[in-house]
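Take a look at the structure set out below.
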Amino acid sequence: MTFRLYDTATRGVRDFVPLVEGHAGLYLCGLTVQSEPHVGHLRSGINFDVLQRWLRHRGFEVTFIRNVTDIDDKILAKAAEQGLPWYALASAMKRELDAAYAALNVAPPTYEPAATGHVPEMLELIAELIERGHAYAAEDGSADVYFDVRSWPSYGELTRQGIDDMEAAGDADPRGKRDPRDFALWKSAKDGEPSTASWPSPWGRGRPGWHIECSAMAGKYLGPAFDVHGGGVDLRFPHHENEQAQSRAAGRPFATYWMHNAWITTAGEKMSKSLGNSLVVSEVLERVRGIELRFYMVASHYRSHVEFSTEALEDAAVGFRRVEQLLDRLGLGADREETPTAELPAAYVEALDDDLGTPAAVAVLHDTVREANRLADAGDHDRARERGAAVVAMLDVLGLDPADPAWRASGGAADREAALTSALDSLLGALLAERDAARASKDFATADTIRDRVKAAGIEVEDTPDGPRWSLT
RNA sequence: GGUGGGUUGGCCGAGAGGCGAGGCAACGGACUGCAAAUCCGUGUACACGGGUUCAAAUCCCGUACCCACCUCCA
């Protein structure tokens with residue numbers, strides 16, 4: 001079977017046919033670095049990370065571009081509020097975003113272009129649009145340049161909307177526009193804006209409109225035509241519609257497939273600072289580990305709306321620990337020395353081939369875990385390990401292999417935790433030896449007293465065929 | 001007004017005409033000194049009302065409710 005992908009433009013699942021055999025060019029609209037990222041922001045990154053991993057697994061050479069919007073109205077406004085230069089805010093938030101991606105093992109893209117680094121490319125594209133009669137300098141003498149939606153007959157094709165059915169932009173500044181739906185390619189510098197926030201252009205000093213950056217950067221790094229373009233559902237309109245219009249109006253075929261992920265909401269509403277319901281990644285990571293959060297996010301389909309709840313998150317974490325326990329049992333966990341190779345189960349391959357069907361893939365994962373446990377229970381260590389190796393291979397594709405060095409938290413906190421664990425282990429050693437001796441002489445009262453005392457301290461002791469094992473509750 | 005999506009068992013979450021995806025929880029059993037872990041087993045779930053069909057959670061018609069986008073949004 002071939003890999004199939006749901007394409008927003010055609011509203012159906014289609015075979016993935018790359019423009020260049022064996023190669024896949026991906027573009028993901030990254031984030032505007034204006035505040036600390038919440039879990040919803042990370043969904044597109046995780047989704048494209050899985051896409052990238054799956055394509056690579058299937059033998060494609062992948063070029064993956066994920067941009068960063070580092071200049072826009074919000075950044076300017078927030079920076080002003082906080083008394084910071086806009087670039088300082090953008091830069092600080094970019095570091096937060098990088099940390100969040102790293103904490104969830106989202107592999108870096110091939111290249112991560114920033115809008116501010118691509119003004120010349122944007123100016124070139126704008127000039128070409130003017131030349132072709134699809135854009136015009138504002139008629140009010142400002143440096144604004146607008147895209148002329150009426151000049152592009154297929155405007156609205158991505159989201160199937162007719163220009164005349166669209167609501168006119170209520171809050172958009174209509175000055176100098178031929179049609180209220182025309183959108184800015186270049187925004188003139190305004191009084192009170194920092195001088196560092198504008199660049200020279202043939203039409204006057206200003207800064208890029210929101211949409212033009214993606215067209216310019218996708219064109220630069222992936223060429224006039226590329227395979228998959230993605231982002232959150234909210235970007236379909238206007239952002240992606242406009243990107244496509246301006247790119248195609250400039251003679252570039254642009255994306256072949258459009259991939260949009262659904263929202264993660266809390267309390268039925270999208271996350272937003274103003275609603276006070278943002279689940280900032282750094283806070284969620286105080287509750288569960290990064291690998292558990294990633295598992296939770298990967299276990300539902302990218303096109304399904306997810307209602308985030310801590311209960312569901314913790315259920316998922318419990319389920320994932322079961323998988324990890326199986327790996328530990330077989331010596332294939334985080335500390336394993338070598339990774340045996342294994343084929344992916346056919347059902348798993350079929351699941352991911354079908355529009356990245358991660359829920360079905362996770363079901364196969366669980367089935368395989370159960371099988372491995374059954375074999376191990378029966379003492380068939382070799383076959384159990386074989387199944388375990390398949391589990392590792394499946395986890396790896398999803399970016400969930402516990403042995404992936406990416407999960408090794410860096411910095412002092414992790415080192416300290418390792419030191420504490422080792423200290424506890426040596427202290428517990430004597431107690432557990434005492435308990436073992438009591439059990440051996442069938443003095444279960446003493447054995448249970450020790451277990452209860454340790455439990456009161458927040459440590460659970462389990463007896464396994466290989467001796468007692470302890471863990472923090 | 002236009003465009004698109006949704007409503008599935010105690011909870012989460014797949015599926016898209018015919019065997020109950022999977023997980024969490026619960027209950028029973030095996031194992032265990034007792035537990036834990038693991039394994040085996042246990043559920044008459046598809047918003048509502050009609051219809052089509054041998055067969056509908058799935059298709060059609062209608063109704064209700066929810067959500068997203070319509071130029072700030074992951």
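To find a chain, count down the sequence lines: A is the first, B the second, and so on, and within it residues start at 1. Please read all numbers here as calculations on a predicted model, not as lab measurements.
Sorted by first then second residue, the salt bridge (charged side-chain N to carboxylate O under 4.0 Å, His left out) pairs that include residues 38-54 of chain A, not counting sequence neighbours, are A/D49-A/R53, A/D49-A/R294. Screening residues 355-373 of chain A for salt bridge (charged side-chain N to carboxylate O under 4.0 Å, His left out), with sequence neighbours left out, gives A/R303-A/D355, A/D367-A/R370, A/E371-A/R387.
Taking atom P in both B/rC61 and B/rC70, one finds a spacing of 29 Å when rounded to whole Å. A gap of 24 Å separates the P atoms of B/rG22 and B/rA36, to the nearest Å. Of the C1' atoms belonging to B/rC46 and B/rG13, the separation is 13 Å, rounded to the nearest Å. Across the C1' atoms, B/rG23 and B/rG15 are found 15 Å apart, a figure rounded to whole Å. With C1' as the reference atom, B/rA55 and B/rA14 are 23 Å apart, rounded to whole Å. When the P atom is used for both B/rG6 and B/rU42, the distance is 32 Å, rounded to whole Å. Here, B/rG51 and B/rA16 have their P atoms 27 Å apart, quoted to the whole Å. B/rG49 sits 22 Å from B/rU44 when the C1' atoms are compared, rounded to a whole Å.
Contacts of A/G40 with the nucleic acid, taken as non-hydrogen atoms under 4.0 Å apart, include base atoms. Residue-level contact check: A/D182 touches neither bases nor backbone, having no heavy atom under 4.0 Å from any strand. Counting non-hydrogen atoms under 4.0 angstrom, A/H366 reaches the backbone sugars and phosphates but no base. Among the protein residues, A/D367 comes within range of the sugar-phosphate backbone only, with heavy atoms under 4.0 Å from sugar or phosphate atoms but none that close to a base. Heavy atoms of A/T8 sit nowhere under 4.0 angstrom from any nucleic acid atom. The residue A/K74 sits close to a base: some heavy atom pair falls under 4.0 Å.
Looking at which nucleotide of RNA chain B each of A/S304 and A/H41 is closest to, the 5′-most match is held by A/S304. Ranked by how close their nearest RNA chain B nucleotide is to the 5' end, A/L42 and A/K442 are led by A/K442.
As a whole-Å value, the separation of A/L185 CG from B/rU71 P is 17 Å. Protein atom NE2 of A/H301 is 16 Å distant from nucleotide atom C1' of B/rG22, rounded to whole Å. As a whole-Å value, the separation of A/D315 CG from B/rG10 C1' is 11 Å. Counting to the nearest Å, the P atom of B/rG13 and the CZ atom of A/F320 are 19 Å from each other. Look at NZ on A/K177: it is 10 Å from P on B/rU71, rounded to the nearest Å. The distance from atom CD of A/E157 to atom P of B/rC69 is 22 Å, rounded to the nearest whole Å. A/I264 has its CD1 atom 18 Å from the P atom of B/rC67, to the nearest Å. Taking atom CD of A/E307 as the reference point, atom P of B/rA74 lies 19 Å away to the nearest angstrom.
Rounded to the nearest 0.5 angstrom, A/L356 CG and A/Y302 OH are separated by 6.0 Å. In this structure, CD in A/E213 is found 10.0 Å from NE2 in A/H118, a value given to the nearest 0.5 Å.
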| query | How does protein reach along nucleotides 35-43 of chain B, written 5' to 3' as B (base within reach of a heavy atom under 4.0 Å), S (only sugar-phosphate), or - (no contact)? | reply | BBSBSS---
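Listed candidates were B/rC34, B/rU71, B/rG13. Nearest to the side chain of A/D448 is B/rC34. For A/W263, the side-chain atoms get nearest to B/rA74 when compared with the rest of B/rA74, B/rC24, B/rC70.
Residues satisfying the side-chain hydrogen bond (donor to acceptor under 3.5 Å, both in side chains) test with A/D148, not counting sequence neighbours, are A/R178. By the ring pair (Phe, Tyr, Trp, His ring centres under 6.0 Å) test, A/Y101 is found to be paired with no residue, residues two or more places apart in sequence or in another chain being considered. Contacts of A/S282 classified as side-chain hydrogen bond (donor to acceptor under 3.5 Å, both in side chains), with partners at least two apart in sequence or in another chain: A/E36. When the salt bridge (Lys or Arg N to Asp or Glu O under 4.0 Å) test is applied to A/R322, no partner is found at least two apart in sequence or on another chain. Remark: A/K74 pairs with no residue by the side-chain hydrogen bond (donor to acceptor under 3.5 Å, both in side chains) rule, at least two apart or across chains.
Under a 4.0 Å N-O distance rule, the pair A/R248/A/E243 does not qualify as a salt bridge. No salt bridge links A/D463 with A/R469; every basic N to acidic carboxylate O contact stays at or beyond 4.0 Å. Salt-bridge check for A/E314 with A/R287: passed, with a basic side-chain N closer than 4.0 Å to an acidic carboxylate O.
In this structure, the ring of A/H229 has its center no less than 6.0 angstrom from the ring center of A/Y257. Aromatic rings of A/H134 and A/W152 (six-membered ring for Trp) have centroids within the 6.0 Å cut-off, being under it. Outside the 6.0 Å centre-distance limit, the rings of A/H240 and A/H211 are not counted as a close aromatic pair.
Annotation: proximity of residues 353-363 of chain A to RNA chain B (heavy atom, distance under 4.0 Å) is found for A/P359, A/A363, numbered in ascending order.
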Please list each protein N or O that sits under 3.5 Å from an N or O in nucleotides 2-6 of chain B, with the distance.
residue, atom, partner, partner atom, Å
B/rG2, N2, A/Q161, OE1, 3.3
B/rU3, O2', A/T159, O, 3.1
B/rG4, OP1, A/R11, NH1, 2.4
B/rG4, OP1, A/R11, NH2, 3.4
B/rG4, O5', A/R11, NH1, 3.4

What's touching nucleotides 64-66 of chain B from the protein side, N or O pairs under 3.5 Å?
none

| Which string of ( ) [ ] | and . matches RNA chain B, if you list each base 5' to 3' and count Watson-Crick or G-U pairs only when both distances are under 3.5 Å? | (((((((..(((.....[...))).(((((.......)))))....(((((..]....))))))))))))....
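For the residue pair A/S188/A/D144, the side-chain donor-acceptor check at 3.5 Å is satisfied.
Aromatic ring pairs are classed by plane angle as parallel below 30°, tilted from 30° to 60° and perpendicular above 60°; the pair A/F308 and A/Y296 is perpendicular. Aromatic ring orientation, A/Y136 versus A/Y146: tilted (interplanar angle from 30° to 60°).
Scanning all heavy atoms of the two residues, the minimum distance from A/T69 to A/I75 falls at O-CD1, 3.7 Å.
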